[in-house]
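The model shown is predicted, which means the values in this text are computed figures rather than measured ones. Order of the sequence lines fixes the chain letters, A, B, ..., with proteins taken first and strands second; residue numbering starts at 1 for each chain.
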Amino acid sequence: MRTLPEPFAGWFAARGWTPRPHQLALLEAARRGEHALLLAPTGGGKTLAGFLPSLVDLARAPREGLHTLYVSPLKALAVDIARNLTAPVAEMRLAIRIETRTGDTPANRRQRQRERPPQMLLTTPESLTLLLSLPDAPAMFEGLCAIIVDEAHALAGTKRGDQLALGMARLARLAPAARRVGLSATVAHPGALRAWLSPSARAEDVRLIETRGGAAPVFDLQLPEGRLPWGGHMGLASAPEIYRRIAAARVTIVFVNTRAQAELIFAALWRLNEAALPIAMHHGSLEIGLRRKVEAAMAEGRLRAVVATASLDLGIDWGDVDQVIQVGAPKGVSRLLQRVGRANHRMDEPSRAVLVPANRFEVVECVAATEAVAAGELDGEPPRPGGLDVLAQHVLAMACSAPFHPDALYAEVTSAGPYAALPRRDFDDVLRFVEDGGYALQAYDRFRKLFRDAEGKVHVRGTAVARQLRMNLGTIVETPMVKVRIRGGGVLGEVEEWFVSTLEPGDCFLFGGQVLRYERLDPGAVIVSRGGEGEPRVPVYAGTRMPLTTWLAARVRAILSDPRRWRHLPEPVREWLRLQRMRSELPPREGLLVETFPRGGKWFLVAYTFEGRLAHQTLGLLVTKRMERRGFGPLGYVGTDYALTIWSAFEPAGMDDLFAEDILGDEMEEWLAESSMLRRTFRHVATIAGLIEKTHPGQEKSGRQMTMNADLIYDVLRRHEPDHILLRATRAEAAQGLTDVARIAALLARVKGRIRHRVLDRVSPLAVPVLIEEGREWVAGGAEEALLAEAAALVEEATDGAEHFAEVLAEVTGKVAPRGTSVTREKERARRRSHWVRSAPRMVTGR
Amino acid sequence: MSAAPLHIAGERLMLDPAGVLHWPARRLLCVADLHLEKGSAFAARGRLLPPYDTRETLGRLFPLLRRYRPQRVVFLGDSFHDDAGAGRLGAAERAALVQALAGMEAVWVAGNHDPSPPAGLPGVAVAEHADGPLVFRHVPQARATGEVAGHLHPKAAAPTRAGGVVRPCFVSDGRRLLLPAFGAFTGGLDVGDPAVAGLFPRGARVFLLGAERLYSFPAALRRAGAPAA
């Protein structure tokens, strides 16, 4: 097909547009009934290309009933696309109804959508599963012609992607003729993405349509004027330079890596904002209405800058952005390109971006990333196999829709890409788990959720099961959150529950760009007032930091080890590396540098392995196990993207032994099982699988609703049924999250006999940024008992065994942070950075 | 395992690191908040938790009964997670419990979760159990002395040079004693929470449960950094 049919040709012509090659290619694919994956950089009419075949089809042969289903990872994107499509449809006078269906859709419209579906329905993976769980799903979807998956690269390989793949497998049964269209940014593994989208799990059944990006992006490296910071990821030292660049451009997006960083950068910019430029903030914890206001102000061109987290990575097109500033290291090449693509949406002109590294390691990382972009290389892991917890949720949803035969459902599930290799045994165990818990001890026959009839078909028992499914639906397990409410006013957003538990009345914290004073905790909400005395703290959100891709980590390692490649590095970084060479030594290209030194009553061991944070976490578990055995009393460790740091009660020695290949021994599994990481994974798996209740923001915990502590369940299940399907699912997921053991084995083999151990009397220049890292893991086991005994003896000695002296200890030790959270460190950091927020900005929306 | 002595109302009590109380003078063993059959209570509401919690809890209790050979065992309330819990007890667990209690007097103090006597189990059911200067009850009362109570599932964070370590604990100010929850599926409440701290206006000592012994600290009754969970 070379041209567009009417009225589309006329509508394009009236705007001076010509259809793009990829738009025509998708039309052609649709005409032949082919599934297609479109890879294109941001901009370039990708979404319109996806919808065009459906619009043409419906213009040619108007009909009732659901014709096209559009699935996006973001509710906001679905809403935005619906708005953007409605205008052309109205202008061309097409009889097409376009509606959205998300968790926010009011009940009456949902009912209407079921009775009389629109021709085009725009939704999310979660809402699709919900629709498919209804008994009338077959009637609703039987006439479906097309499924469009937007931002497919952001879904494939995630649990939401697993859920969507399963939903599409069901749609393939209800509407076998429906063709699939995937829209995606350019990715490193197009074959794997095609397989994920394919109804047969085979890549070759999906046509690949690629548009090459135009001009390569242009990068600037921006360093702070004064001293280059050693550590930290906030980038506050560069605030004046960021502000100057905002003032010099038309519209800027300032991308940051975490919500806490967004709050701090935003506050720092407003402190400098003498010209009162309209600068706003956008992050996932702000109240939804506030976020919509920012988006609207942006779309209307009323803002000069918005400080944003990943919440603006995807989707909505802000036409006029002419500058993107990335504060903090980009962490991945693909991610950096995605963000840079938010500026200057014309494919023929280069996008411009400014990189603002926050510390010395990040400078090297930024340089590595720009080199990779120049070389046209992408990163990103190929999608992993589908999660069994998601499958459990899906099995229950399908049972709620209609009785099924296990053989038929197994065949359907394995037609989905992520589950193509699913063993029948795992499927059967998941089904048994959904039925009655799947325990070897069959105690729950009378509480079973599913039963089988004489023909072997599986039925759902009772309506309460469906209700519970809907409460639990979705694969995003949130850390428990609490709403933030102004006294006598509205909701500003939400913060994590543990953060609230560290506040005392009168404490101040920075949220939504304002300093708020903590008054009290009401059921389901933190009550605050504006302003307040003292140093505000900044809420930190768990799990919002992206790990450096392992691939980029390797590039960083190569630059560091080779002084000839330092010429692209700024002078302070070169000086830092020279200092390291003098005080200790540079990490060798081959082999491994390990430093040990005493600090603050503990011994530190820093290994510069450069394998990325996830690999370092696994390695940390293994090395601390060996240290425990050797009596070094390991206390904890932290894996950064560049190095592994372990602290212990006693001086570690014998590096060849600690990093020997046989640390990957038999007890590895048991050691892993005790780790806080596996416990966290189990909590997520158990929640998604429906074993424990999802915590809903602000939900009041009382009596019956009291959520079960996942750790206790984990301990009991592990002792009594270590091979239970949920524990298998947990181990499988942790193995992926921790990266495979084979990579660590390769590292240990590579460095064998080539370990350089430097015993230092104090911290080395290279170790400084590593020591300031967050995300510590604790070693469970003997050391904890030893520490308790030591502390108890100390208290006994100091107080001579007096019975009542509640205050004494607090004076001696300060506040006690529970292991695993970071209360004291958080307070220290708050003190350090407090001067940044003396004068608080007043607005988030820039108005 | 070494138990630690504590004096309340002039009586010498032994705190066992497993989380139970032994009163040698009366050959009495006291255990709080077993929450037996909590798993099946959740299962009845559609959360099919592992059905091994009762087995696990009793498996921890029986060796203690064998070691101390008490004349009397005081179950300090919330022995079952709900009133119907005793009825759901598996046949094997029921038989094992009856056998383990043979030759002892079982005193089932009523809890808020299990106000009725446990069906089909030996022993007596009481609202509270008074013995000499001591009274054993489930929910602690304001300004009581000589009281041994459960209900609150106390836990505390002890300061160490590597950060706080959180464990279930006994809490006492010499007038009253709170027992930690014993059940496998029982979480904890930080002693800084007003519900616990309010009972000890003059401060208290906590005894954190360890693998072999207790670790004693003055209680940080001002709110510690730990979220109640």
Side-chain angles (χ1 to χ4, degrees), chain A residues 433 436-437 439 441 443-444 447 449 464-465 468 497-498 500-502 504 601-602 635-636 647 649 690-693 704 708-709 712-713 715-717 719-721 724 778 783-785 787-792 795-796 799 803-810 813 815-819 821 823-824, chain B residues 38-40 42-53 55-57 59 88 90 156-167 172-174 183-188 190 197 200 202-205 208 210-229:
Chain A
F433 164 75
D436 66 356
Y439 301 104
L441 176 72
Y444 290 158
F447 304 129
K449 291 184 183 176
V465 176
Q468 202 172 46
E497 190 178 279
W498 78 265
V500 177
S501 74
T502 68
E504 289 177 33
K602 299 185 274 275
L635 302 169
W647 51 100
L691 185 70
I692 51 180
E693 266 162 84
R704 305 230 127 211
M708 243 334 258
N709 182 336
L712 299 172
I713 300 172
D715 286 336
V716 167
L717 188 56
R719 187 144 43 230
H720 292 270
E721 199 171 340
H724 188 261
W778 297 94
E784 202 170 272
E785 292 282 327
L787 285 168
L788 277 172
E790 186 184 285
V795 167
E796 192 72 8
T799 59
E803 272 302 327
H804 308 297
F805 42 85
E807 306 304 317
V808 178
L809 198 69
T813 60
K815 271 207 154 186
V816 181
R819 281 157 69 103
T821 65
V823 181
T824 32
Chain B
K38 184 167 177 177
S40 60
F42 272 67
R45 302 205 308 273
R47 301 287 168 194
L48 302 170
L49 298 187
Y52 305 112
D53 58 315
R55 192 182 280 196
E56 173 76 18
T57 304
R88 290 196 308 274
T160 78
R161 64 180 155 113
V165 173
V166 181
R167 294 283 174 89
S172 181
D173 60 355
F185 275 178
T186 53
D190 189 88
F200 301 98
R202 300 183 207 191
R205 200 162 244 281
L208 273 66
E212 298 291 327
R213 53 165 286 202
L214 294 167
Y215 301 102
S216 167
F217 297 92
L221 294 182
R222 293 282 173 78
R223 202 161 135 155

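With chain A as partner, the option from B/Pro51, B/Ser40, B/Ala44, B/Ala184 having the largest number of non-hydrogen pairs under 4.5 angstrom is B/Pro51. Highest contact tally toward chain B, considering only A/Lys449, A/Arg719, A/Gln468, is held by A/Gln468 [criterion: heavy-atom pairs under 4.5 Å].
With sequence neighbours left out, A/Asp436 forms a salt bridge (charged side-chain N to carboxylate O under 4.0 Å, His left out) with A/Arg432, A/Arg448. Here B/Thr57 pairs with nothing under the side chain to side chain donor-acceptor pair (under 3.5 Å) rule; sequence neighbours left out.
Under the 3.5 Å distance criterion, the side-chain polar atoms of B/Lys38 are left unmatched by any main-chain donor or acceptor of B/Thr186.
Using a 4.5 Å cut-off between heavy atoms, A/Tyr439 contacts chain B through both its backbone and its side chain. Looking at B/Leu214, neither its backbone nor its side chain comes within 4.5 Å of chain A, counting heavy atoms on both sides.
When only modelled atom types and interatomic distance are considered, A/Glu721 and B/Tyr52 share a side-chain donor-acceptor pair under 3.5 Å.
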